[in-house]
Amino acid sequence: MYSYNFMQWLILFYLYSFIGWVWESCYVSLKSGRWVNRGFLHGPLLPIYGAGAVTILFSTMEVRDSIPLIFLLGMVGATILEYITGACMERMFHVRYWDYSDKKWNLNGHICLAASLVWGCFSVLLTWGIQPLIDPEIMKIPRTVAEFVTILLSVIFTCDFMQSFREAVDLKETLIKLSESSEHIRRMQKRLEVVSAFAEQDREIYQTKLWEKLAGRKELLQNLDEYRRIQRQKLREIEEKLVQIKEAGRQKAEELSSLQESLVKELQSMGALTNRKYQNSVRQLRRNPGMISEKYGDILKDIRKIMSRNGQKK
């Protein structure tokens with residue numbers, strides 16, 4: 001039975017983060033048929049596995065002689081960690097980096113019974129099988145070497161985390177921007193349809209009244225003087241109506257043109273997202289092909305389609 005100092009805990013965290021990355025990357029790559037650098041970070045670390053291993057080792061430290069307690073405490077501790085991590089990441093970034101919604105006995109898609117049982121089995125394997133082999137090697141590391149290694153790894157990890165966090169924020173902002181743009185475009189298209197319908201209706205009404213005026217000409221021939229007087233009056237009315245029609249048409253055309261210009265600008269704004277933020281979003285999606293979003297699911301599908309087309313072109 002060993003007790004660890006702070007530096008040794010950090011070494012275990014980075015070690016199991018690396019082992020978890022190897023496992024996940026190989027597993028996802030085999031499923032995808034191509035190499036996938038799995039995880040939130042750029043580097044070969046999956047912190048959820050490192051944190052899970054540390055949580056299991058810490059929570060089972062006093063019960064290592066009891067397999068049932070190791071299984072139970074390790075399962076509970078790792079499951080709580082997984083749920084909190086998944087819920088916090090979804091709240092911050094509006095996406096899920098893993099999802100168990102299609103599994104039985106899941107809770108909000110962040111955890112499920114099957115995954116928890118796997119954590120329990122891993123707890124036993126880790127405590128009784130893996131860690132006894134690693135403990136002697138950990139204890140052999142000189143303190144100065146351990147400090148140097150952990151400080152170096154912590155600096156690299158922090159830089160990687162900050163960059164990856166920025167990419168995750170860019171993905172969130174991209175999803176929000178695209179969603180707002182899509183909604184704005186739908187509203188403008190609806191307004192275009194309404195304005196066009198009213199313009200066509202006004203044109204038909206004015207045209208009908210004009211023909212009614214002209215049709216009354218035959219009856220007026222019975223009295224020439226009266227006809228001429230009324231004709232001048234009718235012509236003035238017709239001219240006024242024609243002016244109104246032209247003015248209404250001009251106003252409608254200007255409104256349509258303004259809406260169309262806004263639509264073009266909005267589309268151009270969406271196209272501008274193909275810069276840094278879009279590229280950062282793509283990097284996150286490539287490292288996490290199973291990522292989903294309840295709020296922006298359709299937008300994620302559209303981005304993946306663009307990524308697929310670009311990949312085929314390459």
TODO: Applying side chain to side chain contact (heavy atoms under 4.5 Å, CB included), run through Ser66 and Ile70 and close with a yes or a no.
DONE: CA-CA 6 Å; Ser66 173; Ile70 291 173; 5.6 Å; no
TODO: Give the C-alpha distance, both sets of side-chain angles, the deciding distance and a yes or no for salt bridge (Lys or Arg N to Asp or Glu O under 4.0 Å) between Arg166 and Glu173.
DONE: CA-CA 10 Å; Arg166 178 68 263 174; Glu173 293 177 355; 3.6 Å; yes
TODO: List the steps and the verdict of side chain to side chain contact (heavy atoms under 4.5 Å, CB included) for Trp119 and Thr55.
DONE: CA-CA 11 Å; Trp119 277 117; Thr55 299; over 6 Å; no
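At distances below 3.5 Å, at least one donor-acceptor pair connects side-chain atoms of Trp128 with backbone N or O atoms of Arg64. The main-chain N or O of Ile56 is found under 3.5 Å from a side-chain atom of Ser59 such that the two form a donor-acceptor pair. A donor-acceptor pair is defined here as one N or O able to donate and one able to accept, closer than 3.5 Å; no such pair exists between the side chain of Ser25 and the backbone of Asn37. Formation of a donor-acceptor pair under 3.5 Å by the Thr150 side chain with backbone atoms of Glu147 is found in this model. Between the side chain of Asn106 and the backbone N or O of Ile111, no donor-acceptor pair lies under 3.5 Å. Under the 3.5 Å distance criterion, the side-chain polar atoms of Ser293 are matched with a main-chain donor or acceptor of His94. Put simply, the side chain of Trp98 gets close to the backbone of His110: a donor and an acceptor are under 3.5 Å apart. Gln8 places a side-chain N or O within 3.5 Å of a backbone atom of Asn5 that can act as its donor or acceptor partner.
In this structure, Lys31 and Pro289 have side chains that are not in contact, with every pair of non-hydrogen atoms separated by 4.5 Å or more. The shortest distance between side-chain heavy atoms of Leu46 and Tyr16 does not fall below 4.5 Å. Side-chain contact between Tyr100 and Leu107: absent, with no pair of heavy atoms (C-beta onward) separated by less than 4.5 Å. Using a 4.5 Å cut-off on side-chain heavy atoms (C-beta onward), Val54 and Trp9 make contact. At least one side-chain heavy atom of Leu126 sits less than 4.5 Å from a side-chain heavy atom of Leu57.
Taking CG of Leu41 as the reference point, atom CG of Asp160 lies at 4.5 Å (rounded to 0.5 Å). We find the SG-CE distance between Cys121 and Met75 to be 9.5 Å, quoted to the nearest 0.5 Å. Atom CG in Asp102 sits 8.5 Å away from atom SG in Cys112 (nearest 0.5 Å). In this structure, the separation between CD on Gln284 and OG on Ser164 is 6.0 Å, given to the nearest 0.5 Å. The distance from atom CZ of Phe122 to atom CD1 of Ile130, rounded to the nearest 0.5 Å, is 5.5 Å. Considering CG of Leu12 and CD of Gln131, their distance stands at 5.0 Å, rounded to 0.5 Å.
Between Tyr27 and Trp23, the ring-plane angle classifies as parallel under the 30° and 60° cut-offs.
Annotation for Gly74 and Thr60: closest pair N-CG2, 3.9 Å, computed over non-hydrogen atoms. Pairing each heavy atom of Ile48 with each of Glu82, the nearest pair is CD1-CA, 4.3 Å. Nearest heavy atoms, Gly50 versus Ser17: CA-OG, 3.3 Å. Scanning both residues, Met291 and Leu171, for their nearest heavy atoms gives SD-CD2, 3.5 Å. In terms of heavy-atom proximity, Phe18 sits nearest to Pro44 at CD1-O, 3.3 Å. Across all non-hydrogen atoms, the minimal contact from Arg286 to Val36 is O-CG1, 3.5 Å.
Tyr14 and Ser154 share a donor-acceptor pair across their side chains, judged by distance under 3.5 Å alone.
In summary, of the residues considered (Phe40, Phe157, Phe13, Trp21), a side-chain contact (heavy atoms from CB on, under 4.5 Å) with Leu45 occurs for Phe157 alone.
No more than 12 heavy atoms of other residues, nucleotides or ligands lie within 6.0 Å of CZ in Phe58, so this atom counts as exposed by the packing criterion. Counting non-hydrogen atoms of other residues, nucleotides and ligands closer than 6.0 Å to CH2 of Trp35 gives a total above 12.
Aromatic ring centres of Phe165 and Phe93 lie closer together than 6.0 Å.
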